[in-house]
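One structure below.
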Protein chains: 2
Amino acid sequence: MKIAIFEDNQKFRESLEFLIVTSGDMELCGSFEDTNRLLQRIEALMPDVVLMDIHLPGKNGIDAVKEIKEHFPAINVCMQTVFEDDDKIFASLCNGASGYILKNTAPEKVLQAIREVADGGSFFTPSVARRVLNNFQQQPHPGEFTQLTDREREILKFLVEGMSYKIIADKTFISYETVHSHIKKIYEKLHVNSKSEAVAKAIKRRLV
Amino acid sequence: MKIAIFEDNQKFRESLEFLIVTSGDMELCGSFEDTNRLLQRIEALMPDVVLMDIHLPGKNGIDAVKEIKEHFPAINVCMQTVFEDDDKIFASLCNGASGYILKNTAPEKVLQAIREVADGGSFFTPSVARRVLNNFQQQPHPGEFTQLTDREREILKFLVEGMSYKIIADKTFISYETVHSHIKKIYEKLHVNSKSEAVAKAIKRRLV
DNA sequence: CCGGATATCCCCTGAATTGGTGATTGTTTC
DNA sequence: GAAACAATCACCAATTCAGGGGATATCCGG
């Protein structure tokens, strides 16, 4: 299992190197303090897992992940950084990182994270996992959808699928005008006044 | 740290009980094979963490989480189950679970998960973490959005915000007819033929 | 039995959207 | 230098939507 490191802090980089080479099952195939010639380096080394810092000379780690995943989707990247804010976490994950651990993570946990990531799994520091989860849960404002009747919810779903009044009328065996009525009611309850707004709200509040 | 268990398989429940009582830092405050009188039990015991199975006599574990979190938001719940399908995972997490581990998880990892969850963090089995992550990333079909030009993307965003052609024209300082043109092009590229479909696709493929 | 909520249907009008078929001007690319 | 693309604008016809009126029928709780 080949590991590459991108980390600008020399002390920290050296301790990571030590951790890898003494791990027993990993091979350190590269260790860099910047992201210069990123793709050439990656291509030459073809690591299984990349440990990536965020603050780096050259392009930052978040953009680096994107590039790596674009060109080498099979390589799994694990972020390792001091940053714990939603922006950086989500940007990294959206760009394709498979793991996200903080720098205060215990050495054996770091190795564990690398192994999981290499194995196609994911590993988050608990506090990061919590943030991901919170974003995931994003409770619908209680009482903004519950107030929709079953029929209204059903019709809203059809709207989300992009159907016209007429098609919905056919699908549900009710008249065009009834669809119209329901939708008027939906708009009123959701405080919107067009199909696209209703669709946007429905999806964002996870009705789909 | 008080732990309560809900698990219908007797063997498995007993091994969990053993694990907890021998952990050193945890106290087993309750262990049940069904969800009857769920809230009364919880209220009487006030555990810090609940280990919850999904398949249970009485109401299932997913609904149970919802009830617990509604009435006792401070209690953290960790699912422990054999199910690894997106539906059950996401339903549990949306209902407020803080962790999700599979039944084949090593004992020490289970304890670790409980500790993390009690601490306000989250813990996922790596394969579950991966699913959460995938849902989070929702890869845009490569080349379905990348093919949109900057201008088109910009206009698509306005559509998602629910704006009309006219408003978009004003916002972008171009004519109504140009907006019309761009939108025609967008529909063509996304293979849709209405605002709401475009909006749905844009949101689902994470353009927002 | 009444009021309220839900589901169904109808009409009308003005506004917005959609789908064609153009055209012009740059820029980039081969 | 031609071809391809992006961005801009225009006109027209058909369709769809949005918002405003109404009207029944049912069911449910008090």
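None of the values given here were measured: they were computed from a predicted structure. Chain A is the first sequence line, chain B the second, and so forth, proteins listed ahead of strands; every chain is numbered from 1.
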Close approaches to DNA chain D from residues 165-183 of chain B, in residue order (heavy atom, under 4.0 Å):
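Within residues 165-183 of chain B, the residues near DNA chain D are Ile174(B), Ser175(B), Glu177(B), Thr178(B), Ser181(B), His182(B).
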How close or far is atom [atom2] of [N] from atom [atom1] of [X], stated in whole angstroms?
{"X": "Arg151(A)", "N": "dT26(D)", "atom1": "CZ", "atom2": "C1'", "result": "15 Å"}
{"X": "Asn193(A)", "N": "dG14(C)", "atom1": "CG", "atom2": "C1'", "result": "15 Å"}
{"X": "Ile186(B)", "N": "dC5(D)", "atom1": "CD1", "atom2": "C1'", "result": "16 Å"}
{"X": "Lys185(A)", "N": "dC9(C)", "atom1": "NZ", "atom2": "P", "result": "17 Å"}
{"X": "Ile155(A)", "N": "dA7(C)", "atom1": "CD1", "atom2": "C1'", "result": "10 Å"}
{"X": "Glu152(B)", "N": "dC5(D)", "atom1": "CD", "atom2": "P", "result": "12 Å"}

Is the phosphate of dG19(D) approached by Tyr187(A) (side-chain N or O, under 4.0 Å from OP1 or OP2)?
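No, outside the criterion.
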Phosphate OP1/OP2 of dC17(D): any Ser194(A) side-chain N/O under 4.0 Å:
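Ser194(A) to dC17(D) OP1/OP2: no side-chain N or O under 4.0 Å.
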Side chain proximity check, Lys109(B) to Gln112(A), heavy atoms < 4.5 angstrom
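The answer is yes, as the side chains (C-beta and beyond) meet within the 4.5 Å cut-off.
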Proximity to the side chain of Ser164(B) - top-ranked nucleotide from dT17(C), dT18(C), dT16(D)
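It is dT17(C).
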Lys166(B) charged N/C atom sitting above Tyr176(B) aromatic ring, 6.0 Å / 45°
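Judged by the rule, Lys166(B) and Tyr176(B) form no cation-pi pair.
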Examine distances only and state if a side-chain atom of Arg131(A) and a backbone atom of Phe90(A) form a donor-acceptor pair shorter than 3.5 Å.
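Not a single qualifying donor-acceptor pair exists.
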Looking only at the side chains, is there a donor atom on one of Ser175(A) and Thr178(A) sitting less than 3.5 Å from an acceptor on the other?
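Yes.
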Would you please say whether a donor-acceptor pair under 3.5 Å links the side chains of Glu116(B) and Ser122(B)?
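No.
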Please step through salt bridge (charged side-chain N to carboxylate O under 4.0 Å, His left out) for the pair Glu14(A) and Lys11(A), ending with a clear verdict.
CA-CA 5 Å; Glu14(A) 284 170 359; Lys11(A) 282 236 170 60; over 6 Å; no
Ignoring hydrogens, what is the shortest heavy-atom contact between Phe6(B) and Asp34(B)? Give both atom names and the distance.
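In terms of heavy atoms, the two residues are closest at CD2-O, 3.4 Å.
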Of the non-hydrogen atoms in Tyr100(A) and Phe83(A), which two are nearest, and what is the gap between them?
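Closest approach of Tyr100(A) to Phe83(A), heavy atoms only: OH-O, 3.0 Å.
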Closest-nucleotide ordering on DNA chain C, the 5'-leading residue of Met163(B) and Asp150(A)
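Between the two, 5'-proximity favours Asp150(A).
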Want to settle it: does Lys195(B) or Lys184(B) sit nearer the 5' end of DNA chain C, counting the closest nucleotide to each?
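It is Lys195(B), whose closest nucleotide lies nearer the 5' terminus.
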Please work out which of the three classes, parallel, tilted or perpendicular, describes the rings of Phe124(A) and Phe124(B), given edges at 30° and 60°.
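Aromatic pair Phe124(B)/Phe124(A) classed perpendicular.
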Where each pair must be Watson-Crick or G-U wobble with both distances under 3.5 Å, what dot-bracket representation of DNA chain D is obtained, with crossing pairs in [ ] and other-strand partners as |?
||||||||||||||||||||||||||||||
